[in-house]
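What follows is a short report on a single structure.
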Amino acid sequence: MATELALNVRRRSATPASGTNIRRDHVEVSKLVDIDLCIGCKACEIACKEWNDLPVEPSVNTGSYQTRPDLTPATWDLMIFNEVERDSGDLAWLIKKDSCLHCEEPGCLLACPAPGAVVQYDNGIVDFNQENCIGCRYCIAGCPFDIPRFDEETGKVYKCTMCVDRVSNGLEPACVKSCPTGSIRFGTKEEMVAYGEAKVSKLKARGFEHAMHYDPEGVGGVHMSYVVPHGDMLPDYELPEDPKVPGAYFGTLSGLRKLGSAATWAGALATGIFFLRTGRRRPPPEEEAVAEAYALEERDEAAATTSEPPDADPYGPAGDATPEGGEPG
Amino acid sequence: MTAPAEERTVIVEEHPTVRRYSLGERILHWFVALTFIYLMLSGFALGYPRMSWLYNVLGGGQTVRSLHPIVGVGFTVAVVLMLVVWARDMRLSSVDREWGRRLGTYVRSGHTGLDVGRFNAGQKGYFWYALITGVLLLLTGLPLWFPEIAALGVLRVMRVTHHVLFLLTVAGFIIHVYMSTAMFPGTISSMTSGEVSRAWAAHHHPRWFREHDPRRPDRTEPVYRGDNP
């Protein structure tokens, strides 16, 4: 059962037919954040910084318990804190772990025009390979969760790797390892779904009637799901209610690519056939061509002297834009 | 009316061809042509995974991503400059309407027999087509250049629109290059030396030819031959 460790590529950005898995089956891994168990200690943030050797960045106090206002190119994991007064008058203290959800249908990968800058492994991890990134930021536009962050200095985009280097060596991601309450869990996707569903039933029994397992279908499911106690307050957690792979957008782009290649080749081919059929159009000998040109002038002059108004002549000089003729240079 | 024989000899010897484009016009055209070719190739690399090998030809993905929009601005500015230079010649006229009616004849035979001026209706049409698509490509490219300031929906629509415009310009480009090289011999020299043969000029642009024929029967002195007359 070590196939989740082997980093078979399922999809590689801007690379047709990039799957490499010939094995009979593969195991998909997943994280699960049980928000019910989270105490907001932010150990995961530190562990992420430490394991990935990311620089500490100056922050600002926004009057919240939150470490910093937003994710940055060097902050791949951030706990989002929101205090919301409920209709009952209770205070809901909402925490969300903000980091890549590793979608089954990754909008970032589908949007990326740089071969191999985004890779999806068979175990479900979606990783950015910055050496292939061209800095176009289309992945940011493709992500339904607003996760990737662009670094001006390196000109590359960064996000959580799900500690792919740890996972491929049989270890859980750093945030999971550091969590003191077991709020962040790691296992196979199946195990996490089973845990999530069981936990939701438990929460419902405890009175959290809107408790839900957040594993949105609009992106094909995710590899970091959440157990959300207040499932009716997703916007307050800053979780999109119905995240979707922008299917119409990617479908249109893909259709345009097919149409574009077909049309370009057809156009080139048609031009070639047209050439074979009609060949080169040489002007007649100089004397003949010149005589014709001056004959046209005489005809126009003759037409102009008749009673007909000049405009009635469809190709008379008076009707043209430049009766005097622009200087051709 | 006709000049004395010895003067005619001088005129004939000094003017084997007709000047069609000034140095400035040719530089402008080649600037547009080269920037367009770069934009088309880098566009194919950016838009078509199977063409991503073009990144390597053009200096790598990062280079392409950073240069494509800058070259694009240069392209559009130059196309707008073309409007400034050629606006007068590109106005449509009644002869152009007739030319449009004879488009089928033109495609079949390469000739309409009309008293065409400096540009025929097809050339004028292509000019306006290139100008409009060029400006729209720049406008739709801006949000792709600075994605962080564009709304997500706008960005997506612009990426699709930019792609459609790209395909339209490529189609125009194929036809333009074919007609000016393979289809009509003697055309490309108008963009290299700036000169065309009298036969070419008289056949394709008779009215313009008569006005600029250096050997016009009633012309008595050689026309000015400086680079930017």
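Lettering of chains follows the sequences in order, A, B, ..., and the numbering in each one begins at 1.
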What orientation do B:Y38 and B:H68 show, parallel under 30°, tilted 30 to 60°, or perpendicular over 60°?
-> tilted
For the residue pair B:F44 and B:F166, categorise the inter-ring angle as parallel (less than 30°), tilted (30 to 60°) or perpendicular (more than 60°).
-> perpendicular
Between [options], who has the most heavy-atom pairs with chain B when the cutoff is under 4.5 Å?
options                        : result
A:R257, A:R282, A:E286, A:E292 : A:R257
A:A248, A:G279, A:G135, A:G267 : A:G135
A:A111, A:A291, A:A117, A:A270 : A:A111
A:A268, A:P246, A:A263, A:P285 : A:P246

Output the option from B:G60, B:P206, B:A199 having the highest count of non-hydrogen pairs under 4.5 Å with chain A.
-> B:A199
If you count heavy-atom pairs under 4.5 Å with chain A, which of B:R97, B:E148, B:R159, B:Q62 comes out on top?
-> B:R159
Among B:H176, B:H111, B:H204, B:H205, find the residue that satisfies the ring-ring contact (aromatic ring centres under 6.0 Å, His included) test when tested with B:F184.
-> B:H204
Verify the neighbour count for atom CD of A:E217: are there more than 12 heavy atoms of other residues, nucleotides or ligands below 6.0 Å?
-> no
More than 12 heavy atoms of other groups within 6.0 Å of B:R50 CZ | no
Need one label for [X]: side chain, backbone, both or neither, based on atoms under 4.5 Å from any heavy atom in chain A.
X      : result
B:V107 : both
B:S66  : neither
B:L46  : both
B:T181 : backbone
B:W86  : neither

Short side-chain to backbone donor-acceptor contact, B:R156 and B:A151, under 3.5 Å = no
What's the spacing between B:D96 CG and B:R91 CZ if we round to 0.5 Å?
-> 11.5 Å
